Amino acid sequence: MSSREQPKSNFSVPMKKITKLLVANRGEIALRIMRTAREMGIATVAVYSEADRLSPHVRFADEARCLGPAPSKESYLVGAKILAVCKELGVDAIHPGYGFLSENAAFAKQVQEAGISFVGPSPEAIEVMGSKLAAKQAVLAYGIPLVPGTDEAISELSVAKKKALEIGYPILIKASAGGGGKGMRIVESESEFDEQMNRAVSEAISSFGDGAVFIEKYITSPRHIEIQILGDQQGNLVYLFERECSIQRRHQKVIEEAPSAVVSPAMRKAMGEAAIGVAKACNYYGAGTVEFIVDENLNFYFLEMNTRLQVEHPVTEMITGKDLVREQIWIAEGKSLSFAQEDLTIQGHAVEVRVYAEDPKNNFLPDIGKLVTYRRPQGPGIRVDDGFEEGMEIPIYYDPMIAKLIAHGATREEAIDRMIRAIDDYRITGIQTTLDFCRFALEHPAFRSGNFDTKFVEHYFRPELLEPQFTDEEKTLLAALAVEFFEQEDQRANPRTPLVANLSTNWANRLI
Ligand code: ADP
């Protein structure tokens, strides 16, 4: 099927052309969404906090309105202010991006009630998938593989303990409302159970305002592999293959790639069909991601569904040739998908690294400051999605991601080599970034071989590995060069005085 006029399902969905889109977000994702909107002839509205007054997304938009002070709670998270801007400027659709209000079912409902299109799924789907427990319940009838564990909130410690023994330690206690890698506790043995459970519940209450927790088997050598899906309001659903997101730090993704080095065509089909089952379980439409955890034997289990555009969506765009934001907008307008599953193929390989303003040599502490030099890499197969420019300050109020660097190649090797070249061409001074750390990971034999799991960073990374590594021969050569350099400098400064070779030698020693 190639024509937009031929939906497979026949539900009649009223068409609602979008003419003015407000992007309720900031930084790289706001810009990325607005670029597609502009290509589609849709006018764009930016919203911003006082800290983002000079941001590129504000300048790019056709119109812009300030929401308030820097903290998100006073700006990007205030739905009422965003809706007031829509009313003032005659906006007919809101794209929430990721984070902020993107998975807030109440906000999606308010948007709908105001007669504005929400570029995302229905509030009901957001609500079901926003709770890990409700999501598990919803997919039970669809035969989706789940990690062995409880599918209801734990109310009785003794019952939970019995279940944990059945599953076998180690187990993981998870907060149903958890997200962003937070709200999880590993329990190694029964003796720790009570203490970890009490902590997990009080953390879940303080962080998410919901004390519901459940237990799962802790998969000791897991991979995180997710499936991108798209569904229209007529009920058509397709999967756009997988993204491998196992390179993580503290359960947060750092490097993503598509396709995965371990997924065979048969496994891809099985995972894709399972993802579609998850989507059907909540009558999903829009772009969504179904996350799976994969064990050493390549068994996969449903983890959760993210009901929005993901940070790592560009790798899927690179290998499928589809613009996911364009598809999201079409779906929100009530159009049916313009392609079927059989029309999709994987073209080459794509890798993405997240460039953070963090210091990998100092426990990845945020390194906020001014981008004194900022020059993006260029060349074939390179895409940079960012929201900063040279001279800008990185604000402390938000996620410290500066950019996403994406490389596409004909093969996995080509994509990785291209990425390393692009990292070397990226010039950022004024702050520390995670670029060197990403280079380290991409060059590591375990990453190169494709044989790694979510413990990659824990297993292989040490900050000292980012220091330049020289062989003895190179050290001698460097020392000799340093001596010569400083002698020449000294001669130039004081042509009549004897060479101050000891000074130069001291410098040379410091280099070794
Ligand atoms: P969040 O909503 O916080 O992102 P997820 O359920 O998606 O939580 O899990 C985040 C990460 O935690 C996964 O990518 C994986 O690395 C790890 N994880 C989650 N569940 C398990 C499990 N049962 N066993 C081992 N690791 C897990």
Side-chain angles (χ1 to χ4, degrees), residues 18-38 42-121 123 126 130 179-180 209 307-311 325 328-329 332 357 366 368 370-371 385-389 391-404:
I18 293 173
T19 56
K20 196 186 259 196
L21 178 75
L22 179 145
V23 182
N25 217 298
R26 62 182 295 280
E28 66 89 16
I29 197 64
L31 257 184
R32 187 262 163 274
I33 294 164
M34 287 181 198
R35 287 191 173 119
T36 290
R38 179 156 299 166
I42 298 172
T44 54
V45 177
V47 285
Y48 59 96
S49 74
E50 283 162 14
D52 284 337
R53 204 171 274 285
L54 303 174
S55 292
H57 83 276
V58 179
R59 271 179 284 131
F60 186 91
D62 298 310
E63 290 169 283
R65 287 291 179 273
C66 182
L67 291 175
S72 325
K73 279 198 175 140
E74 297 173 51
S75 49
Y76 297 107
L77 287 173
V78 190
K81 288 191 185 176
I82 294 168
L83 286 170
V85 174
C86 292
K87 210 168 164 197
E88 181 205 337
L89 299 179
V91 164
D92 49 25
I94 294 181
H95 194 307
Y98 55 69
F100 297 127
L101 293 167
S102 62
E103 287 174 292
N104 184 321
F107 177 67
K109 200 151 190 261
Q110 285 160 16
V111 173
Q112 274 188 353
E113 283 166 0
I116 297 166
S117 302
F118 182 75
V119 184
I126 299 177
T307 53
R308 53 168 165 83
L309 194 65
Q310 298 274 99
V311 175
V325 172
Q328 284 188 300
I329 292 175
I368 303 301
K370 189 172 173 172
L371 286 169
D385 281 21
D386 62 9
F388 290 100
E389 265 154 30
M392 280 180 67
E393 295 275 341
I394 312 250
I396 49 166
Y397 302 96
Y398 318 107
D399 181 78
M401 192 172 78
I402 305 169
K404 299 180 323 204

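Predicted model, so just to flag it, every value in this text is computed and none were measured. Reckoned from all heavy atoms, side chains included, excluding hydrogens, waters and symmetry mates.
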For residues [X] and [Y], report the shortest heavy-atom separation together with the two atoms involved.
X: Ile126; Y: Pro121; answer: CG1-CG, 3.7 Å
X: Asp386; Y: Leu31; answer: O-CD1, 3.3 Å
X: Ser75; Y: Ala70; answer: OG-O, 3.5 Å
X: Met34; Y: Val23; answer: CG-CG2, 3.8 Å
X: Leu83; Y: Ala114; answer: CD2-CB, 4.3 Å
X: Ile116; Y: Cys86; answer: CD1-CB, 3.6 Å

Set of residues satisfying side-chain hydrogen bond (donor to acceptor under 3.5 Å, both in side chains) with respect to [X], sequence neighbours excluded:
X: Arg38; answer: Asp62
X: Glu63; answer: Lys20
X: Gln112; answer: none
X: Arg59; answer: Glu389

- Output every pair passing ring pair (Phe, Tyr, Trp, His ring centres under 6.0 Å) with a member in residues 79-121, not counting sequence neighbours, ordered by first then second residue.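 Pairs touching residues 79-121 that pass the test: Tyr76-Phe100.
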- Quick one: ring pair (Phe, Tyr, Trp, His ring centres under 6.0 Å) pairs with a partner in residues 50-73, sequence neighbours left out?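 For residues 50-73: none.
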- Give every residue pair that meets the salt bridge (Lys or Arg N to Asp or Glu O under 4.0 Å) criterion with at least one member in residues 105-115, sequence neighbours excluded.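 Qualifying pairs, neighbours excluded: Lys109-Glu113.
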Pairing residues for [X] by the side chain to side chain contact (heavy atoms under 4.5 Å, CB included) criterion, not counting sequence neighbours:
X: Pro395; result: Arg26, Ala51, Asp52, Phe388, Tyr397, Tyr398
X: Ala93; result: Ile18, Leu21, Ser117, Val119
X: Ser102; result: Pro96, Arg308
X: Ala357; result: Ile394, Pro400, Ile402, Ile431

- Message: Going by side-chain hydrogen bond (donor to acceptor under 3.5 Å, both in side chains), name the pairs with one or both residues in residues 78-94, residues two or more places apart or in two chains.
- Response: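 Of all non-adjacent pairs touching residues 78-94, those that pass side-chain hydrogen bond (donor to acceptor under 3.5 Å, both in side chains) are Thr19-Asp92, Arg65-Glu88.
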